[in-house]
Structures are given as structure tokens and as C-alpha cells.
Amino acid sequence: MPASAPTLLDPGLILRQRFAAAALRAFPGVDLPDPIITLSQSPKFGDYQCNSAMPYSKLLSKPPRQVAEALVAAVDIADIAEPLTPASIAGPGFINITLSHTAVASLLAQLDTPDLGLPIDPDAPVTVVDLCGVNLAKQMHIGHLRSTVIGDTLARVLERTIGPAKVKRQNHVGDWGLPIAMVTARLIDLENAQQIDLAKLTLDDLDAIYKQAKQQCQADEEGLQTARAWGMGPKIEAELEAANAEPLAHLARAKSTLVALQSGDPDVRRVWKRIFDTTMAACLATCARLNASISQAHTAGESSYENKLAPLVARLEQSGVAELGSGALIIKLDDMGIPEPCLIRKSDGGYLYATTDLAAIMHRTSSVATGGLGASRVVYCVDARQSLHFRQVFAAARKAGLVAPNISLEHAAFGTILGEDNKPFKSRSGDSVKLGDVIDEVVAAALSQLRARPRAQEMTEPEMAHIAQGVALAAIRYTDLSTERIKDYVFSIARMVSFEGQTGPYLLYALARVCSILRNAQGQGLLTDSPTAGPIAVAHPAEKALALVLLRYPQVVRDVDRTLEPSRLCALLYELAGAFARFFEACPVLKAEDDGTRNARLRLCQLTRRVLTDGLGLLGIPAIERM
RNA sequence: GUCCCGGUAGCUCAGUUGGAUAGAGCAGCCGCCUUCUAAGCGGCAGGUCGCGCGUUCGAAUCGCGCCCGGGACGCCA
């Protein structure tokens, strides 16, 4: 047990410890589960409650109220809560606990440190976060939003809990398959025909060329097979074959380009590199607009595993883990509860994306000394539709002994973004929507909302434009992060920038109001040089309610680390903003009844600002101090 | 067909390890700006937690069966 275990600030955790000790004292020798401590639903039940008397009563064969009485008699919480009395036991045996104001103030003072109760865990494992996952020759589209935003947020949270040095973002760029070869082939043709200048190539060009190339290679093989199967006659078959001739030729050309690319043909490589650079520059710019910290340094494309595939597959084949099935090389997983085998080599000798993923796992988890990333935890921020794929890859990696048993492989799966019609978000023409265009739209919507406000007159155009950017970013990211990852959600620009209720802008607004108070205090010379010097105190119910939300912050951040669910942090910050809004209504700060109250409230404001700023920062939402 | 994920107020969603009267937001209705930003606050109204059976002192939560919606399912990535 490290001596530097974080100070317990969360009242729920403190109470759990105290009640566990009480259970040990009251019922020595009995192995009871951890006490259940929850927030009370209603103020009349106090702040927290212990619900364990009932389950314990069964294990102890004693009436629940008697168990509750024994716990109340044994528990030592005099330093943090109001004294428990027989009236504290309610219903079948709930123990209601009201924290003392002095204890809350003292815990708040302990929270008010540079790390906000979140010291970096020195024993934490190096963690890889697989995120973004763009493809070459394609604009980032709406399908990349969640992987980018959720992945970036999880990485930010981990950077906070385990330290930035141990978090390795990995952008597993799709830069190596047949589709890329198709584009490369097409681009070489266009260049030879002098129809394009590679030096001036843009991603929009590539996007168009990608579609052309795909079209060119689109053979109606299904139709042909149907015609054969149904015996539609040689004439129809011949017609279909003729129609297929051209696509098949293009396909053959793409395949040979892929071979050339993979064997290092300099000219093909040169064109490919141009595609790569053009794509990455544009995508990283879009990531930057989303405030996602994803850079060239995080890029680890499929191509980077290119020369690892053959040795890996050979090893798996030799060890007998992989076997031939209908010509393909497969790893059977039925003994691991997965009926579908994992394919790692096609019957034509080509490798599949599972092969690349296995190579990536090895790179990520092997030691730094051997050129790996040294991770003990790998988090995949990828669409839920790939769940089976990752179950297969993880199981295959374990079965093949590619990763040690203590290494954690986690798929942080997320649902689909839907349009207003409840179907996957697409443009009117059925194409996927470019992410940059979506961001533009949200910024425009935010700006027009902003102009409609009465306060708009007090702002300059550049100020408003700046705020609109921030509001749009908060709207997009908060919307994406605030529901459970696994669920689909409807992308409604109107709702996300509505500025009302549970939205990113509401959180920014709460922060702007805190900042406003502190700014005015500064202006009136009410903030001393050492802002944390004055005593912290909690008296008014709204102050206490605010304090109790603040105290839950560190533990919620750790929860996000553990569960990979940013929505929990979103929920807490929303509660915090609400608690502050009620405090703001009920408790005048600058015009408080006396200096002591005012200073205590100023400290509460300062701490609220810090926690809100910190939490928003973890969500990748920069603070706006005035709006 | 098999497997995975969802189903909670008109709409969008919370609901932690099974706990008290299932909570928010939006939309609707009623109040509150001479006072630190009304993008706010207070209140009213709104629910067979998809259906059934079971386990339990207690089930939105756990188990089994069904219904509805979405998704995945050996040579695409």
C-alpha cells in the first residue's frame, strides 16, 4: 500500500470506511460485504444514507432494525456528521446521515489544492487510447466525431489520473487497404494524363477521386452470380460479363497497385505519401477545431504494421494457434465462447484488419525496450458495430499468448449518430456529412442564438464570433459525451445550441457567472493577494448543497477512468452548474451580510470556478469567462 | 437462424452495489429581473419503468421466457 494514497474527500467513501469499521466492531468475526452508502434522495433523509442493515440482517439472522441500531452504536462519525439518534433509523432500517457544516468546510479546504484531490497514481499502468481512426483520401465525416471526441476525453481524463506521460493516443489510420490502392492507381492515371497537379492536391479532390475510383471498380458480380445460378441464359450472362469487364480491369489494376505499394515501388509510394500527407493535414485541422489533442505524433497507421504481419502470422501458424479453414488461416475461438473464428489471412494470401489489429496489440503492449509502447491497458474508442471484431481480436490475442494475462484490453464502444429522421446521419443525397461542415453549421447556429440575446449589444462582433466558437464546441462535445456511450443519439443542432437545460452552453454560462462575481470582487479589491487565506465556511443550505457536489468531483473523475464513461462527469458537472445557479440565486456574495460570509462565499466561488474549469477541460471544452 | 445492444413522462435522457414517494431537461401552464450575467431560479402538470413469470423483506435494476427497434455474423476495413 503506497504511503501516498489519495486523501479521502468523498463523503460517501469516508462513510463507507467508517461503517465498514463499525460492522467489524458490531459483528466481529462475520465477513460482511462492503457497506452500501448512497446519496439521500430527499433532504429529509439527510445527505447520505447507509442501506446495509437490511442485507446484513439476512446474513446475521437478526432483525434489520436491530442491526441498524448496532451499526449506529458502533459507528464513529462524530467528526464528520451530526450525531446519530434513534430517529436516524428510518423505514426498515435505513440510517440517515447529515454531514456537519464544519466537516464539509474542512473537506472543501482539503479539496482546494492544486490537484483538486486528484493526485497522479504512480502505480497506474501505461494506457493506450485508440481514437479518431480516419481513413486516407476521405474527409473526416460525422462517423469520426464520436471516436475523436470520446477518445480525446478519455485520454484527457487518464492524463489527469495517471499522468500525461503514461497516456499514449494512437490514431489507427486506415491507410493501407485495397481502397487506398484504388485511389492511388486512379491518381497515378490522372497525373500521367496531366489532369491533376499533385502539388496542389486537396482532400476535397481526393474525396472525389475516391468516389470515382470506387465506382470504377464496382462490378456487378452479384448480378452475374444470380444469372448463373438461375440459368438466365448465356446472352444475359454475356451481357453482364461484358459490363463487368471494365470494373474488373480496374480492380485488377488496383490490386497490382496494392502489391506495388506493399513492395515499396518508389513511384507508387510517392503518390501514396502525397495522399497521406494531404489527408492527415486536413484531418488534424478538423481535430483541432474539435479541440481534440491529436497530432502527427499520435498517428500510427495500418501501414506502420506492414512488415510485422507476415512474421506474426507465421508465428501463429507454427505455434498451431492458427489453422487452415477453407483456404483461409483462422484462429478458432469457440473454446473461448466465440463461435465465429478470427480470420488472419485470406485464401489469396492477403491479410485482414484483424491481422493488423493483432500486430497493433503487440506493438502497444510490448515493452519500451523492444520498441513497443509498454501499455498494460489498451482502450479502443471504436463504434459498437465492431464489438464482435474486438471480442475476436482480444480473444485471439489471449489465446495466442500475445498479451500477458494482466493486460487489459477494453472496447469503449459507442452508438451511432442519427439524423432527425432517426436513421444514421446522412446528407440529403445519402452521402456522409463532412465533419467540418457540421461544425460550421453549429457555429452559425450558435452565433444566431447569440445575436438574439439582449446582452448582444454589449459585445463586439469579434467577441461574439469568439464566443460562438466556444459555445458551438461545448454544444457538440457535451452532446456527444453526455449520454451513455453505447446509446445512439439524434444529432439535433437546434437542441444542442438551445442554451437551455442540460447542454454544454448551460455549463459555460454557469462558469461565466462565477467568473463575473470574481471579476467584480477583484474590481472592488475584495480578493486578497492570497485568495485561499480566508476561512472556508458552509452555512446556508445552498452553500452546503454546492459543497457536497464539489466534494464528489475527484471520485467521479476516477469513475470515468475505471468505467470509460464520460457521461458520469457530464452529469456531475451539470449538477454542479445547477447547484451553483441555486446558490447564485439564494446567496449574495459581494453583498453578503458580513465580511466573513462574503469571504467564505468568495472561496466557494473560486473553488467552483476551478472545479468547473477543470471538469470542462477534461471534456475538452475550454472555459469562456464572459459570455 | 445465432449472437450483441437498446426499450423509463408527449420528446430527449439520468437512475451507481437491488433500497424509501422512479429523477432531470425540452415542450405546456403559473410565478420571479431598481440587487453579483433571466443562456437563470421557484412552482404546477405529466409514468402499467416494453410484456409476463420468478428470486427477494424490497426489483427500473437480478434470472428465465416473450414482444418491438437497431446492429453484427470466416476471406471488406
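A quick note: this is a predicted structure, and the numbers were derived from the prediction, not measured. By convention in this document, chain letters (A, B, ...) are assigned in the order of the sequence lines, proteins followed by strands, and residues within each chain are numbered from 1.
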#### Entry: Nucleotide paired to B:G58 in any strand shown, Watson-Crick or G-U, under 3.5 Å
none

## Note on the structure
Among B:C75, B:G74, B:C3, the one nearest any side-chain atom of A:Ser326 is B:C75

### Message
I want to check one thing: is the phosphate of B:A39, taken as OP1 and OP2, less than 4.0 Å away from some side-chain N or O of A:Arg453?
### Response
yes

### Message
Taking only the P atom of each, what is the distance from B:A20 to B:A59 in whole angstrom?
### Response
11 Å

### Query
What is the distance, rounded to the nearest whole Å, between atom OH of A:Tyr478 and atom C1' of B:A14?
10 Å

### Message
Measure CD/A:Glu585 against P/B:G43 and give the value in whole Å, please.
### Response
12 Å

### Message
For the C1' atoms, the ones on B:G46 and on B:G25, what distance do you get once it is rounded to whole angstrom?
### Response
14 Å

### Query
What about A:Gln449, does its side chain sit under 3.5 Å from the base of B:A39 through a donor-acceptor pair?
no

### Query
On RNA chain B, nearest-nucleotide positions of A:Lys346 versus A:Ile467: which is more 5'?
A:Ile467

### Query
When rounded to the nearest Å, what value does the distance between C1' atoms of B:C13 and B:G47 take?
15 Å

### Query
Hey, is the side chain of A:Tyr509 poking within less than 4.0 Å of OP1 or OP2 on B:A39, counting only N and O atoms?
yes

### Query
A:Phe584 has a side chain; which of B:A14, B:A38, B:G19 sits nearest to it?
B:A38

### Query
For the side chain of A:Leu590, counting heavy atoms from C-beta on, which of B:C73, B:C41, B:C36 is nearest?
B:C36

### Query
Tell me: OH of A:Tyr305 to P of B:A77, nearest whole Å?
16 Å

### Query
When we call it a touch if two heavy atoms are under 4.0 Å apart, what does A:Tyr574 touch: a base, just sugar-phosphate, or nothing?
sugar-phosphate

### Query
So, does the side chain of A:Asn96 form a donor-acceptor pair with the base of B:A20 at under 3.5 Å?
yes

### Query
Taking A:Ile150 as the fixed residue, which of A:Asp480, A:Val382, A:Leu131 is the one that meets the side chain to side chain contact (heavy atoms under 4.5 Å, CB included) rule?
A:Asp480

#### Entry: From CA spacing to verdict: side chain to side chain contact (heavy atoms under 4.5 Å, CB included), A:Arg568, A:Thr563
CA-CA 9 Å; A:Arg568 298 195 181 189; A:Thr563 61; 3.7 Å; yes

### Task
Check the chi torsion on B:C73 and let me know: syn if it falls within 90° of 0, anti if not.
anti

### Message
Is the phosphate of B:A14 approached by A:Lys487 (side-chain N or O, under 4.0 Å from OP1 or OP2)?
### Response
yes

### Query
In Watson-Crick or G-U wobble terms, both distances under 3.5 Å, what is the partner of B:G65?
B:C51

### Query
Can you check whether A:Phe94 stacks with the B:A20 base, using ring centres under 5.5 Å and planes within 30°?
yes

## Note on the structure
Rounded to whole Å, the CZ-P distance (A:Arg65 to B:A20) equals 16 Å

### Query
Between B:U35 and B:C30, how far is it from one C1' atom to the other, in whole Å?
24 Å

#### Entry: Atom-to-atom span, CG of A:Leu388 to C1' of B:A77 - whole angstrom
14 Å

### Query
Considering heavy-atom distances to RNA chain B, does A:Lys58 or A:Ala53 have its closest nucleotide positioned more toward the 5' end?
A:Ala53

### Query
Reckon A:Cys515 touches a base, only the sugar-phosphate, or nothing at all at heavy-atom distances under 4.0 Å?
nothing

#### Entry: From CA spacing to verdict: side chain to side chain contact (heavy atoms under 4.5 Å, CB included), A:Phe390, A:Glu410
CA-CA 9 Å; A:Phe390 282 113; A:Glu410 298 165 67; over 6 Å; no

### Query
OP1 or OP2 of B:G70 less than 4.0 angstrom from a side-chain nitrogen or oxygen of A:Tyr489, does that happen here?
no

### Query
What is the nucleic acid contact for A:Arg345, judged by heavy atoms within less than 4.0 Å: base, sugar-phosphate only, or nothing?
nothing

### Task
Would you classify A:Arg455 as touching base, sugar-phosphate or nothing, given that sugar-phosphate means primed atoms plus P, OP1 and OP2, and contacts are heavy atoms under 4.0 Å?
base

### Base-pairing assignment for B:C32 (Watson-Crick or G-U wobble, both under 3.5 Å)
B:G40

### Phosphate contact (B:A38 OP1 or OP2) by A:Arg513 side-chain N/O below 4.0 Å
yes

### Query
Are A:Phe580 and A:Tyr509 an aromatic pair by the rule of ring centers under 6.0 Å?
no

### Message
Apply the syn/anti split at 90° from 0 to B:G6 and say which one it is.
### Response
anti

### Query
So what's B:A9 paired with, Watson-Crick or G-U wobble, going by both distances under 3.5 Å?
none

### Task
Mind telling me whether A:Phe394 and A:Tyr380 have parallel, tilted or perpendicular rings, with 30° and 60° as the class edges?
tilted

### Task
May I have the distance from A:Leu507 (atom CG) to B:G40 (atom C1'), rounded to whole angstrom?
13 Å

### Message
Under 4.0 Å, heavy atoms only, any strand: does A:Arg16 hit a base, just the sugar-phosphate, or nothing?
### Response
base

### Task
Remember a base hit wins even if backbone is also touched, and classify A:Tyr351 as base, sugar-phosphate or nothing at under 4.0 Å, heavy atoms.
sugar-phosphate

### Task
Examine B:A24: is either OP1 or OP2 under 4.0 Å from a nitrogen or oxygen in the side chain of A:Gln502? Give yes or no.
no

### Query
Do you see a donor-acceptor pair shorter than 3.5 Å between the side chains of A:Arg519 and A:Gln522?
no

### Query
What distance, rounded to whole Å, do you find between the two C1' atoms, one in B:A22 and one in B:A60?
7 Å

### Candidate pair A:Ser147 and A:Phe414, rule side chain to side chain contact (heavy atoms under 4.5 Å, CB included), full reasoning
CA-CA 8 Å; A:Ser147 180; A:Phe414 51 80; 3.8 Å; yes

### Task
Give the rounded distance in Å between these two atoms: NE2 of A:His411 and P of B:C4.
16 Å

### Task
Mind checking A:Leu450 for me? I need base, sugar-phosphate or nothing, with any heavy atom below 4.0 Å counting as a touch.
base

### Query
Taking atom C1' in both B:C44 and B:C51, what distance in whole Å separates the two?
32 Å

### Summary
Under a 3.5 Å limit on both distances, the Watson-Crick or wobble mate of B:G46 is none

### Message
If you apply the rule side-chain hydrogen bond (donor to acceptor under 3.5 Å, both in side chains), what do you find for A:Arg603 with A:Gln606, and how did you get there?
### Response
CA-CA 5 Å; A:Arg603 282 204 63 185; A:Gln606 286 175 316; 5.0 Å; no

### Query
Which base, if any, makes a Watson-Crick or G-U wobble pair with B:G18, both distances under 3.5 Å?
none

### Task
Please state the C1' separation for the pair B:G69 and B:A38 - nearest whole angstrom.
41 Å

#### Entry: A:Leu572 and its side chain to side chain contact (heavy atoms under 4.5 Å, CB included) partner, picked from A:Val560, A:Val557, A:Val556
A:Val556

### Query
Does any donor-acceptor pair link the side chain of A:Thr483 with the base of B:C13 at a separation under 3.5 Å?
no

### Message
Using the P atom as the point on both nucleotides, what is the distance between B:U8 and B:G50, in whole Å?
### Response
6 Å

### Task
Any strand is fair game: report the nucleotide pairing with B:C3 by Watson-Crick or G-U wobble, both distances under 3.5 Å, or none.
B:G71

### Message
Pairing donors with acceptors under 3.5 angstrom, does anything connect the side chains of A:Ser303 and A:Asp175?
### Response
yes

### Message
Without decimals, in angstroms, what is the distance between A:Ile36 CD1 and B:A59 C1'?
### Response
14 Å

### Task
Select base, sugar-phosphate, or nothing to describe what A:Glu484 touches, counting heavy atoms under 4.0 Å on all strands.
sugar-phosphate

